[in-house]
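Each remark here refers to the structure printed beneath this line.
One-based numbering, in listed order, for ligands and for the atoms of each. Numbers for residues simply follow the sequence, beginning at 1.
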Amino acid sequence: MDMQTSPATALRIDGARLWQSLMDLARIGGTPKGGVCRIALTDLDRQGRDLFVQWAREAGCSIRIDAIGNIFARRAGADDSLAPVMTGSHIDTQPTGGKFDGNYGVMAGLEVVRTLNAAGVRTRAPIEVAVWTNEEGSRFVPVMMGSGVFAGAFTLEHALAQRDAQGVSVAEALAAIGYAGQAGAAPAVGAYFEAHIEQGPVLENHERVIGVVQAALGQRWYDVTVQGMEAHAGPTPMELRQDALLAASALVAEVNRIALDRLPHARGTVGSLEVHPNSRNVIPGRVKLSVDLRAPDDAQLLDMDAALRAACARIAAERGLVIDVEQVVYFPPQPFTPHLVEAVRANAADLGYSCMDVVSGAGHDAVYVARVAPAAMVFVPCADGISHNEIEDADPAHLEAGCNVLLRAMLASAGVVA
Ligand code: GLV
Ligand code: MN
Ligand code: MN
């Protein structure tokens with residue numbers, strides 16, 4: 001399909017409508033600081049899902065829900081036997097999340113559908129908008145759970161069996177919100193595009209509107225348990241303690257060091273700490289902590305894994321306690337599909353938007369979808385590069401630009417019936 005001669009070339013999304021959808025969705029789980037707390041598979045997640053399903057149905061889409069709760073809203077194509085051109089992201093958030101992380105990609109997909117409807121454009125291939133389950137990995141690990149099952153990165157059974165800190169399983173939580181759908185093989189996807197805020201400062205620093213995403217960092221996540229011994233904070237001499245929190249603190253510093261030793265791209269974070277029994281006058285007997293390691297190169301990520309294990313062994317030996325390391329997430333760095341990446345770049349340029357190549361430091365559903373379909377991402381800046389924070393913000397004009405690029409790239413893949 002020659003886009004230059006197509007009336008679709010003149011199509012533009014409605015930026016005000018996109019913004020309004022984002023603001024309406026952000027009311028579900030909205031926080032006093034202006035952020036969103038809509039944790040995966042909670043009742044607030046259900047409310048967000050229900051609103052999306054309502055909007056998608058109003059836009060003429062049919063709805064399909066799979067066994068891990070991914071939602072697919074489908075706008076029929078002229079040839080409905082073709083594999084759909086898909087977009088989407090997630091609407092679950094971090095506990096102190098913002099209005100845009102994930103939500104933008106889903107609302108941008110809906111805006112593409114609404115734009116095609118308003119202009120009466122028929123695509124040759126169907127268009128689908130996906131809402132992936134539990135992308136954040138905050139309540140349930142692994143992260144990017146719905147897209148991971150879809151792409152076969154891990155099994156449905158593994159995902160359904162995962163439990164949150166209260167012992168509730170994914171299967172139970174899905175059933176409770178009414179989003180446990182049909183099991184079955186994942187259907188083929190013709191092409192997948194995901195729009196997302198950058199969640200870092202590069203685009204803003206370079207004053208660019210569109211990030212052409214080349215790849216995403218690989219990640220390894222761990223549950224680490226430090227087993228010491230509880231004892232009285234008063235009578236126990238300092239030299240006789242097996243203080244699990246003290247050992248964990250040394251490990252937190254080591255994780256930071258592991259990344260600092262591998263700049264500029266490596267990352268190392270301890271984001272969660274559970275101290276047992278968490279009482280002021282008891283020397284901590286057990287600490288569970290999360291470790292999140294990221295790198296652009298799989299060999300470097302493996303080297304960081306070795307450094308983490310060596311640090312754990314050394315700290316355990318020095319302090320006379322036991323440290324157990326369990327890896328709970330691993331995916332290698334994921335390059336995106338060259339011809340779709342080029343389509344993002346060409347359409348951004350065509351539309352007159354400044355753009356630059358970027359690498360994603362965050363994980364995204366596109367990372368897993370890229371294993372089973374051609375995939376690419378469109379980034380737009382966010383204010384001060386801040387995300388996973390209630391103050392997360394984005395310029396409506398940038399969101400509109402990213403959605404226009406998404407629309408054009410999807411039309412180029414799906415084809416337009418004159
Ligand atoms: C997803 O939010 C990630 O942690 O990269
Ligand atoms: Mn996200
Ligand atoms: Mn996120």
Query - Ala362: numbered ligand 1 atoms lying under 4.0 Å from its heavy atoms - result: 5 (O)

Query raised in the report: Nearest non-hydrogen atom to atom 4 (O) of ligand 1 belongs to which of His364, Arg294, Glu136?
Result: Arg294

Requested in this report: Could you walk me through whether Arg286 and Glu274 pass the salt bridge (Lys or Arg N to Asp or Glu O under 4.0 Å) test, one step at a time?
Outcome: CA-CA 8 Å; Arg286 187 175 68 246; Glu274 277 172 44; over 6 Å; no

Query raised in the report: With a 4.5 Å heavy-atom cut-off, do Ile197 and Phe379 have their side chains touching?
Result: no

Requested in this report: Identify the protein heavy atom lying closest to atom 5 (O) of ligand 1, giving its residue, its atom name and the separation to 0.1 Å.
Outcome: Gly363 N, 2.6 Å

Requested in this report: Can you sort out which atoms of ligand 1 are near His388, meaning under 4.0 Å from one of its heavy atoms?
Outcome: 2 (O)

Report summary line: Numbered in order shown, the ligand 1 atoms found under 4.0 Å of a heavy atom of Gln219 are 5 (O)

Requested in this report: Report yes or no: does a heavy atom of Gln199 sit under 4.0 Å from some atom of ligand 1?
Outcome: no

Query - Side-chain donor-acceptor pair present, Thr269, Asp292, cut-off under 3.5 Å - result: no

Query raised in the report: Between Thr123 and Ala76, which heavy-atom pair has the shortest distance, and what is it?
Result: OG1-O, 4.4 Å

Report task. Looking only at non-hydrogen atoms, find the nearest pair between Ala73 and Ile63 and report the distance. Result -> CB-CD1, 3.8 Å

Requested in this report: Looking only at non-hydrogen atoms, find the nearest pair between Pro296 and His265 and report the distance.
Outcome: CG-CB, 3.4 Å

Query raised in the report: Leaving out waters, which are not shown anyway, how many protein N, O or S atoms lie closer than 2.8 Å to the Mn ion (ligand 2)?
Result: 3

Query raised in the report: What heavy-atom pair brings Leu293 and Leu301 nearest, and what distance separates the two atoms?
Result: O-CD1, 3.7 Å

Query raised in the report: Do the charged groups of Arg257 and Glu254 touch, with an N to O distance under 4.0 Å?
Result: no

Query - Residues Asp14 and Arg114 bridged, charged N to O under 4.0 Å - result: no

